[in-house]
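So the structure is just underneath, and the comments pick up after that.
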Amino acid sequence: MSSPTESVDATEDAAGSDAGDDVERDIPGWTPYREWFRDRLSEGGATAWATALGHLLVGGVLFALVAGFDLGTLPIGGSLVWFVYLSITVAVLYAATAPPAEPYVTWLEDRWMESDADKLLIILGHVVVVFFVFAVALGLPFNGLMGALGSVLFFTAVYAMMVLALNLHWGYAGVFNIGIAGFMAVGVYVMAILSSSTEAGAASVPGLGLPLPIGILGGVLAAAFVGLVAALPALRLRADYFAIVTVALSEIIRLTLNSRTLQEFTIAGVTTGTGGATGITMPGNPIRLLFYEGFGAGAEPALLGSVLFPLFRDLRIELIPPGSSWLGVVSLPAFTLDLAVQPSVINNWAYVVVLAGFVGLFYVLLVRTGNSPFGRVLKAIREDEIVAKSLGKDTNRFKIIAFMFGCGLMGLGGILWQGSQGFTNPGAFRPIITFYIWVALIIGGAGSNTGSVLGGALFAGALWEGPVYVRRVVTNYVDFGDTPSTFPGAVAPFVEGEVLPFLAFMLDNVSALRFILVGVILVMLMQRRPEGLLGHRKEEAAAIPLTRPGGTSAGGDAVADGGRDAADDGGAR
């Protein structure tokens, strides 16, 4: 029988032997090179730069060799072999770029944990980079790039505003509102009726001609009032029944606006109306008056426009003049950096800046609301309404106020969204808009205002505008031939080994495939991160942050939207 000392020695020897085995054991596959690459990059300086550059150079050569292979020599040109070839090309490209990207990914992870501002900049920065790549791949000029970025940032801003308003309902008060489109419609139509011109156009109805600020205020108050009318009886119902009431109310509003009964009516001798299915003309966008002297198509530029339009219309920087040479020996090709931007793009970007300001106002307003005593009561109601009632809180009154507040913000968001287009109709407020806004909230994470903005940006960039540009890029480089008009017509050649007709059909119907992509994203979120990107934050019930005796915050690092970052994923709620 061995002594305890011998047992300990034997255990240490075994541990040492195992450690030696771990050191000497060869690791097959891609891992050894990745470890070597990390070691070279950790040395920094010229070694790191030379290693990354050499890796990309070799990978680029391999990619060029694979991509330059003549497809005409394949036995079944443009068929399933083409798909295999494409897969090999993508794999080579990934192998060439993955190791150099690892330090960048690590840096992003560190920056992501720093602050909310870093999170917003990371998401928006990557959206800009992706659409810059799209523009380069499509050969768009700088004006086209700015137009594409302006479009995606417009949708980012309007979705961020709507998701922030919804976050007040669901993320703070736990009120399940799926009638967002209806409250948007109320705000937009009331504003249009109050502020549109008293002279009816050829395809519209006259308005009351009131100043635009009065029309906007009236639209916000009308949306809040409709929220009150819906909340008074419906909040007595459970969450799922309340959701049914809101979606029904939204459809009632849309069908009412679509009816002929209210298409044109007279009040106190003043004729106005909703325009019915035809729609209604919106007041002119006041941002346009910064650049033009009127709203007409032939309006002359105003003072600001007369300065900016010529400046950006002819903005071209000659980096390498014609006839230049290096050291007087090697001739250099002429190169001019074309940064010209058209007046319409400048006007659109000005409105995007205004929308970004409103997103900031929504954000600050909801952060302060969430950190106030009123907001803490809403969070208590969300977690357990019975407990909140037992503490003497009139939970119905709090939920009604929060619901009215959120509906007013939805009305304002709808005005800012549709007001830039000069015209709207009931079709712009279908239930699918409510679904999109909910998807953006789920992506960002309920209860987090920062997550609401991130969700709006990701939805606008990855799910709304992104698929359209992917189709444009692919069809720009690949000739798919005739596109099948039906799904069976696309699948039949695929079974026979021809993949191009199926891909052509998929790209041609990319707008409909958005729904499939949204469904895939939702399934992945439900499985891997049901709380969303930033839904893991903890919220303290106290009015001031609580700290441990050692000075460490009990809930993690403070964040801007009123909660605290959990120490790890295990603390996710």
Side-chain angles (χ1 to χ4, degrees), residues 120-121 123-161 212 281-319 335-360 413 415-424 428 453 456-457 459-473 475-476 511:
L120 293 174
L121 290 176
I123 293 296
L124 293 177
H126 282 78
V127 168
V128 170
V129 169
V130 169
F131 277 83
F132 175 79
V133 173
F134 286 155
V136 172
L138 291 171
L140 298 179
F142 186 73
N143 182 73
L145 169 62
M146 297 303 293
L149 291 179
S151 176
V152 70
L153 292 179
F154 170 84
F155 284 110
T156 295
V158 294
Y159 273 106
M161 285 189 290
L212 183 59
T281 301
M282 306 281 286
N285 187 351
I287 302 302
R288 180 179 171 82
L289 297 179
L290 295 175
F291 304 99
Y292 295 95
E293 293 181 350
F295 296 107
E300 294 294 326
L303 178 61
L304 185 60
S306 62
V307 174
L308 293 181
F309 292 164
L311 175 64
F312 284 97
R313 187 185 293 117
D314 303 319
L315 185 58
R316 293 174 177 85
I317 303 175
E318 198 174 64
L319 297 180
F335 181 76
T336 301
L337 188 62
D338 188 354
L339 300 178
V341 179
Q342 297 300 316
S344 59
V345 176
I346 296 175
N347 187 38
N348 293 339
W349 265 90
Y351 193 66
V352 168
V353 172
V354 172
L355 290 179
F358 273 97
V359 172
I415 292 171
L416 294 170
W417 187 339
Q418 299 293 323
S420 63
Q421 302 176 16
F423 183 84
T424 191
V453 180
F459 180 84
L463 300 179
W464 187 255
E465 292 287 282
V468 176
Y469 277 88
V470 169
R471 177 185 63 187
R472 292 179 59 185
V473 170
T475 55
N476 190 51
S511 297

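We count residues from 1, following the sequence as given. What you see is a predicted model, and the numbers here were worked out from it, not measured in a lab.
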(message) Could you check whether atom CD of Q421 has more than 12 heavy atoms from other residues, nucleotides or ligands sitting under 6.0 Å from it?
(response) yes
(request) Check the surroundings of atom CZ in F132: do more than 12 heavy atoms from other residues, nucleotides or ligands lie under 6.0 Å from it? (result) no
Is [X] reaching over with its side chain to a backbone N or O of [Y], donor-acceptor style, under 3.5 angstrom?
X: Y351; Y: L416; result: yes
X: T156; Y: V152; result: yes
X: N348; Y: S344; result: yes

Considering all heavy atoms of both residues, which atom of [X] and which atom of [Y] are nearest to each other, and what is their separation?
X: T424; Y: A428; answer: OG1-CB, 3.9 Å
X: A350; Y: I287; answer: CB-CG2, 3.8 Å
X: M161; Y: F358; answer: SD-CB, 3.8 Å
X: E465; Y: F155; answer: OE2-CE1, 3.9 Å
X: S306; Y: L303; answer: OG-O, 2.7 Å
X: G422; Y: T281; answer: O-CG2, 3.7 Å

Do [X] and [Y] come within less than 4.5 Å of each other through their side chains, counting heavy atoms only?
X: S420; Y: F154; answer: yes
X: V130; Y: Y469; answer: no
X: V473; Y: V470; answer: no
X: F134; Y: L145; answer: no

Could you measure the distance from the [atom1] atom of [X] to the [atom2] atom of [Y]? Nearest 0.5 Å is fine.
X: N285; Y: F295; atom1: CG; atom2: CZ; answer: 7.5 Å
X: M146; Y: L153; atom1: CE; atom2: CG; answer: 9.0 Å
X: M282; Y: L212; atom1: CE; atom2: CG; answer: 9.0 Å
X: L308; Y: R313; atom1: CG; atom2: CZ; answer: 11.0 Å
X: L290; Y: I346; atom1: CG; atom2: CD1; answer: 12.5 Å

(request) Check the pair I317, L339 against side chain to side chain contact (heavy atoms under 4.5 Å, CB included), reporting the backbone distance first and the verdict last. (result) CA-CA 8 Å; I317 303 175; L339 300 178; 4.0 Å; yes
(request) For the pair Y292 and F309, name the ring-plane relationship: parallel under 30°, tilted 30 to 60°, perpendicular over 60°. (result) tilted
(request) Starting from the C-alpha separation in whole Å, work towards a yes-or-no answer on side chain to side chain contact (heavy atoms under 4.5 Å, CB included) for L337 and F142. (result) CA-CA 9 Å; L337 188 62; F142 186 73; over 6 Å; no
